[in-house]
K.L.:
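Handing you this structure, nothing more for now.
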Amino acid sequence: MLTRLSVSNFAIIEKTELCFSPQFSVITGETGAGKSILLDALALVLGGRANFSTQSEQDKKSIVEAFFRLDKSHKPFFEEHDLDFDEECILRRELLPSGKSRAFINDTPVSNQQLRILTARLLNLHLQHESTQIADPKFQRIVLDSFAAIEQTVEGFTANYRDYKRLEKEIQDKTEAEKKQQQQRDFLEFQLHELEEADLKDGEFSVIESELKTATNADEITTKLELINEELGGDEGILIRLQPLIQSLRHVTALNPKLDPIYKRLDSVAIELDDIANELSSQDLQVADAEDIQRLQTRIDQLNKLFAKHHVPNEEELLAVKLNFASELDSIQGLQDQLKQLHAEITILEERLELRAAQIHEARKAAAPKLAKQIEVLLSEVGMSKAKFNIKITERQALNAYGKDDIEFEFSANKGMPVRSIKDIASGGELSRLMLVLTTVIAGKNDLPTLIFDEIDTGISGEVAKKVGNVLQGLAHHHQIISITHSPQVAAKADAHFKISKFEKAGKTKSVASELKQAERVVELAEMLSGKQPSQTSIAAAKELMM
C-alpha cells in the first residue's frame with residue numbers, strides 16, 4: 001500500500017507531500033494546477049525514464065520519495081536482490097544537476113530495473129491516455145487470462161514457446177550450415193574413398209620399389225650370380241685354387257708358429273667363401289613375368305600420383321591426410337546428427353505446446369462468457385445498462401507466444417446496435433468506463449494492493465459519474481484506490497481528498513498539494529459543481545453528494 005508521496009523541486013512543484021488513505025483517495029484541482037505532474041513524479045519513482053527538463057531549479061536536485069507498507073510476501077524480492085527488508089519501505093529517485101539520476105530502495109542504491117520489478121507487484125497506474133490500450137489485442141488477452149486465472153499457465157507456455165523458437169532458429173542455422181557443407185562433404189567423401197581404395201600401408205612404397213627393381217633386372221641378376229657362383233665354386237674357382245695355398249701356409253706355420261693367426265684368417269676366408277657359394281647356389285631366382293612387373297609399376301605410379309596430389313613425400317603423411325579427411329567428415333556427420341537430435345527435440349516440444357495451447361484455448365472459451373457477463377453487469381452499474389459485451393476467440397492454425405488464439409473484445413454501448421470491435425469505438429467516455437470495469441474485474445483476480453486512475457471518469461457527469469464513484473468506492477474495500485478526477489460525484493465518495501493548487505512565488509508559478517478537511521471538501525465539491533464562489537444551492541448539493 002502507498003502511504004505517502006513526497007516531491008521536491010520537480011517541475012512546478014517546489015515541495016509537497018501527500019499521505020494517502022488506505023481505502024479511497026482522490027486528487028482534484030484546476031487544469032494545469034499540477035495533477036499530471038504528480039503522476040509524472042510517481043512514474044519516475046516507480047522506475048520510469050528520467051526527464052531532466054522537469055527540474056524547476058537546475059542547480060538543485062529533484063527528489064521523489066514513495067513510502068509503501070509491505071507484507072512478508074515481498075520479502076523474497078529483497079532477499080534475491082540482497083536488500084534489507086522492512087515493512088515500511090521507502091523508494092527514492094533523485095535527478096542530479098549533473099544530469100545523472102539515482103535510485104534507492106530503503107537508502108540502498110539500486111537500478112531502475114529493480115525499482116520496476118518491485119513496484120510492478122505493488123501498484124498499477126492507469127494513465128488517462130491508456131484507455132486506448134483496451135483495443136490492444138495483448139491487453140485483451142491479459143484481461144481474459146487474468147480472469148480465467150491461467151496467467152502462470154500462459155507464462156509457462158510462453159517460456160516453452162521461446163525455447164521452441166530458439167530450437168527453430170538453431171535448426172535453421174544448422175540446416176544452412178549443412179547445405180553449405182554439402183559440397184565440401186562430397187569432396188571429402190571422394191578424396192577419402194580414393195585413399196581407402198588405395199589400401200595404403202606404411203612403408204609399402206620402398207618395398208614395392210625394391211621388388212620392381214629386382215623384377216625389372218632379373219636377367220642381369222641371374223647372369224651375374226651364375227658367373228659369381230662359377231668363379232667361387234667351379235672346377236677352377238677361387239675355392240679350388242685356395243686349397244693349395246692354405247695347405248702351404250699350414251706347413252709354414254708348423255715351422256714358424258707366429259704365422260698361425262694368418263693361417264687361421266685365410267682358412268676362415270675359405271670357409272666364408274664356401275658358405276657364400278652354397279647360399280648363392282640355393283637362391284630361387286625366378287624371373288618375374290611382364291604381368292608382375294606391370295602390377296608393381298602400376299602400384300608405384302598410383303602412390304606417386306597420390307603423393308603429388310596431396311603434396312606429401314611418403315605413405316606415413318598420406319595416411320595422416322586420410323585421417324584428416326575422415327575427421328572432417330565426422331565433424332560434418334556430427335552436424336547432421338545434431339540436426340536429427342534437434343528435430344527430435346522440437347517435435348516433442350511442439351507436441352507439448354499443441355497440447356497446452358488446446359488446454360489454454362478451452363480455459364479461455366470457458367471464461368469468456370463469464371467475463372462478458374460480469375462486464376455487462378458492471379457497465380450497467382456505471383450507467384450503461386444497455387451495453388453489450390462479447391469476447392470473440394478465434395483459434396489459429398499456427399502457434400504464437402501465448403497459445404493459438406486471436407482474442408477480440410466486441411462492444412455495443414446502445415440498445416439495438418450490434419457489437420463491434422473495441423478499436424472502432426470513438427467515445428472517450430465509453431472507453432474510460434469500460435477500462436474502469438475491466439480493471440475492477442481484474443482487480444478481483446489479483447493481489448495488487450494499489451490501483452491509481454488518472455481521470456477514469458472522462459466524458460461523464462451527473463448520475464453516471466455518481467455510479468462510477470460508487471464502483472471505485474466498492475473497489476476500495478479490497479484495494480487502495482487513488483484517483484485523479486474532475487468529477488465532484490466521484491470525489492465525494494473518497495475517504496481522503498487532496499487538492500492541487502497553483503500560486504506565484506518570486507515571479508514563478510508553483511504548485512502544492514494539500515489534504516482537505518470536511519468543510520474544505522464541501523467548498524471544493526461545490527466549486528467543481530458550479531465554479532468559483534459557489535451558491536448555497538451548490539453547497540447543499542455538495543453536502544448531499546458526500547452523504
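The basis for the numbers below is simple: all heavy atoms, side chains too, and nothing from hydrogens, waters or symmetry mates.
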K.L.:
Which atom pair, heavy atoms only, marks the closest approach of Phe68 to Thr3?
P.N.:
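Minimum heavy-atom contact is N-OG1, 4.2 Å.
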
K.L.:
Determine yes or no for a side-chain-to-main-chain donor-acceptor pair under 3.5 angstrom, with Ser206 supplying the side chain and Gly203 the backbone.
P.N.:
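A pair under 3.5 Å: yes.
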
K.L.:
To the nearest 0.5 Å, what is the distance between CZ on Phe104 and CG on Leu83?
P.N.:
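If I round to the nearest 0.5 Å, the distance is 12.5 Å.
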
K.L.:
I'd like to know if the side chain of Ser146 reaches the main chain of Ile142, judged simply by a donor and an acceptor atom lying under 3.5 Å from each other, with no hydrogens or angles considered.
P.N.:
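Flag not set: sc Ser146 to bb Ile142 has no pair under 3.5 Å.
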
K.L.:
Under 4.0 Å between a Lys/Arg side-chain N and an Asp/Glu carboxylate O for Lys309 and Glu194?
P.N.:
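Yes.
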
K.L.:
Is atom CG of Asn256 surrounded by more than 12 heavy atoms (other residues, nucleotides or ligands) closer than 6.0 Å?
P.N.:
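Atom CG in Asn256 is crowded, with more than 12 foreign heavy atoms closer than 6.0 Å.
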
K.L.:
Could you tell me the separation between the CD atom of Glu350 and the OH atom of Tyr161, rounded to the nearest 0.5 Å?
P.N.:
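Nearest 0.5 Å value for the CD-OH distance: 10.0 Å.
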
K.L.:
Rounded to the nearest 0.5 Å, what separation is found between the CG atom of Leu122 and the CZ atom of Arg69?
P.N.:
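So the gap between those two atoms works out to 13.0 Å.
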
K.L.:
How long is the gap from NE2 on His311 to CD on Glu317, to the nearest 0.5 Å?
P.N.:
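Here the interatomic distance stands at 12.5 Å.
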
K.L.:
Are the ring centres of Phe85 and Phe77 closer than 6.0 Å?
P.N.:
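No: the rings miss the under 6.0 Å criterion.
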
K.L.:
Quick check against the 3.5 Å criterion: does Ser101 have a side-chain atom that pairs as donor or acceptor with the backbone of Ala50?
P.N.:
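Absent.
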
K.L.:
Could you measure the distance from the CD1 atom of Ile346 to the CD atom of Glu351? Nearest 0.5 Å is fine.
P.N.:
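Interatomic distance, Ile346 CD1 to Glu351 CD, rounded to 0.5 Å: 11.5 Å.
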
K.L.:
Does Tyr263 have Arg250 sitting over its ring (NZ/CZ under 6.0 Å from centre, angle to axis within 45°)?
P.N.:
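Verdict for Tyr263: no cation-pi partner in Arg250.
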
K.L.:
What are the two closest non-hydrogen atoms of Ile407 and Ile391, and how far apart are they?
P.N.:
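So the minimum-distance heavy-atom pair works out to CG2-CG2, 4.1 Å.
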
K.L.:
Any side-chain to backbone donor/acceptor pair from Glu315 onto Glu204? Under 3.5 Å, distance only.
P.N.:
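At least one qualifying donor-acceptor pair exists.
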
K.L.:
Assess the pair Phe157 and Tyr402: is the distance between their ring centroids shorter than 6.0 Å?
P.N.:
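No - the distance between ring centres of Phe157 and Tyr402 does not fall below the 6.0 Å cut-off.
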
K.L.:
Can you list the steps and then say if Thr298 with Gln302 is a side-chain hydrogen bond (donor to acceptor under 3.5 Å, both in side chains)?
P.N.:
CA-CA 6 Å; Thr298 299; Gln302 181 186 22; over 6 Å; no

K.L.:
Heavy-atom count check: over 12 atoms from other residues, nucleotides or ligands less than 6.0 Å from Arg49 CZ?
P.N.:
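Open: at most 12 neighbouring heavy atoms sit under 6.0 Å from CZ of Arg49.
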
K.L.:
Does Glu79 have more than 12 heavy atoms from other residues, nucleotides or ligands lying within 6.0 Å of its CD?
P.N.:
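Atom CD in Glu79 is packed in, count exceeds 12.
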
K.L.:
So, Asn106 side chain and Ile90 main chain: donor-acceptor pair closer than 3.5 Å or not?
P.N.:
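Indeed, once roles are kept as given, a pair shorter than 3.5 Å links the two residues.
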
K.L.:
If every non-hydrogen atom of Ile393 is compared with every non-hydrogen atom of Ala368, which pair is closest and at what distance?
P.N.:
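Closest pair (atom of Ile393, atom of Ala368, distance): CD1-CB, 3.9 Å.
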
K.L.:
Give a yes or no on whether Arg265 atom CZ has more than 12 heavy-atom contacts from other residues, nucleotides or ligands under 6.0 Å away.
P.N.:
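No, not enclosed.
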
K.L.:
Decide yes or no on side-chain contact (heavy atoms from CB on, under 4.5 Å) for Asn314 and Asp202, but give the supporting numbers first.
P.N.:
CA-CA 8 Å; Asn314 52 49; Asp202 195 14; over 6 Å; no

K.L.:
Assess whether a salt bridge exists between Glu209 and Lys213, defined as any Lys/Arg side-chain N lying under 4.0 Å from an Asp/Glu carboxylate O.
P.N.:
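No salt bridge links Glu209 with Lys213.
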
K.L.:
Got more than 12 heavy atoms from elsewhere within 6.0 Å of CD, Glu88?
P.N.:
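Atom CD in Glu88 is crowded, with more than 12 foreign heavy atoms closer than 6.0 Å.
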
K.L.:
Check this for me: Arg396, atom CZ, are more than 12 non-hydrogen atoms of other residues, nucleotides or ligands nearer than 6.0 Å?
P.N.:
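Yes.
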
K.L.:
Is there a donor-acceptor contact under 3.5 Å from the side chain of Asp86 to the main chain of Cys89?
P.N.:
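No, the answer is negative, given that no donor and acceptor are paired below the 3.5 Å cut-off.
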
K.L.:
For Gln397 and Lys404, test the side chains for any donor-to-acceptor distance below 3.5 angstrom and give the result as yes or no.
P.N.:
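The answer is no; no qualifying pair exists.
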
K.L.:
Looking at Phe325 versus His193, is the centre-to-centre ring distance below 6.0 Å?
P.N.:
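No, too far apart.
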
K.L.:
Which is it for Leu2 and Phe67 under the side-chain contact (heavy atoms from CB on, under 4.5 Å) test, yes or no, and what are the steps along the way?
P.N.:
CA-CA 6 Å; Leu2 178 63; Phe67 298 76; 5.7 Å; no

K.L.:
Which heavy-atom pair separates Ile375 from Leu438 by the least distance, and what is that distance?
P.N.:
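Ile375 and Leu438 have their closest heavy atoms at CD1-CD2, 3.3 Å.
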
K.L.:
Among side-chain atoms of Gln341 and Asp337, is any donor-acceptor pair under 3.5 angstrom?
P.N.:
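No, no side-chain donor-acceptor pair sits under 3.5 Å.
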
K.L.:
Does Asp84 have more than 12 heavy atoms from other residues, nucleotides or ligands lying within 6.0 Å of its CG?
P.N.:
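Open.
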
K.L.:
Do you know the tightest heavy-atom contact between Arg299 and Ile208?
P.N.:
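Minimum heavy-atom separation between Arg299 and Ile208: CG-CD1, 3.2 Å.
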
K.L.:
Test your reading of the model: is there a side-chain donor-acceptor pair from Gln140 to the backbone of Ile134, 3.5 Å cut-off?
P.N.:
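Yes, because the side chain of Gln140 sits within donor-acceptor range (under 3.5 Å) of the backbone of Ile134.
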
K.L.:
Taking Thr119 for its side chain and Leu46 for its backbone only, find out whether a donor-acceptor pair lies under 3.5 Å.
P.N.:
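Confirmed, Thr119 side chain pairs with Leu46 backbone.
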
K.L.:
Take Phe147 and Ile442, measure what side-chain contact (heavy atoms from CB on, under 4.5 Å) needs, and give me the verdict at the end.
P.N.:
CA-CA 6 Å; Phe147 182 83; Ile442 295 176; 6.0 Å; no

K.L.:
Between the side chain of Asn390 and the main-chain N/O of Glu410, is any donor-acceptor distance below 3.5 Å?
P.N.:
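Not at all, since once roles are kept as given, no pair shorter than 3.5 Å links the two residues.
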
K.L.:
Would you say that more than 12 heavy atoms from the other residues, nucleotides or ligands in this model lie under 6.0 Å from the CD of Gln243, or not?
P.N.:
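Result for CD/Gln243: enclosed.
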
K.L.:
To the nearest 0.5 Å, how far apart are CG in Leu95 and NZ in Lys61?
P.N.:
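It comes to 10.5 Å.
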
K.L.:
Thr450 and Gln480: which non-hydrogen atoms are nearest, and at how many Å?
P.N.:
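In terms of heavy atoms, the two residues are closest at OG1-OE1, 2.6 Å.
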
K.L.:
Got a donor-acceptor contact below 3.5 angstrom from the Glu362 side chain to the Gln359 backbone?
P.N.:
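No; judged by distance alone, with no hydrogens or angles, the pair does not exist.
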
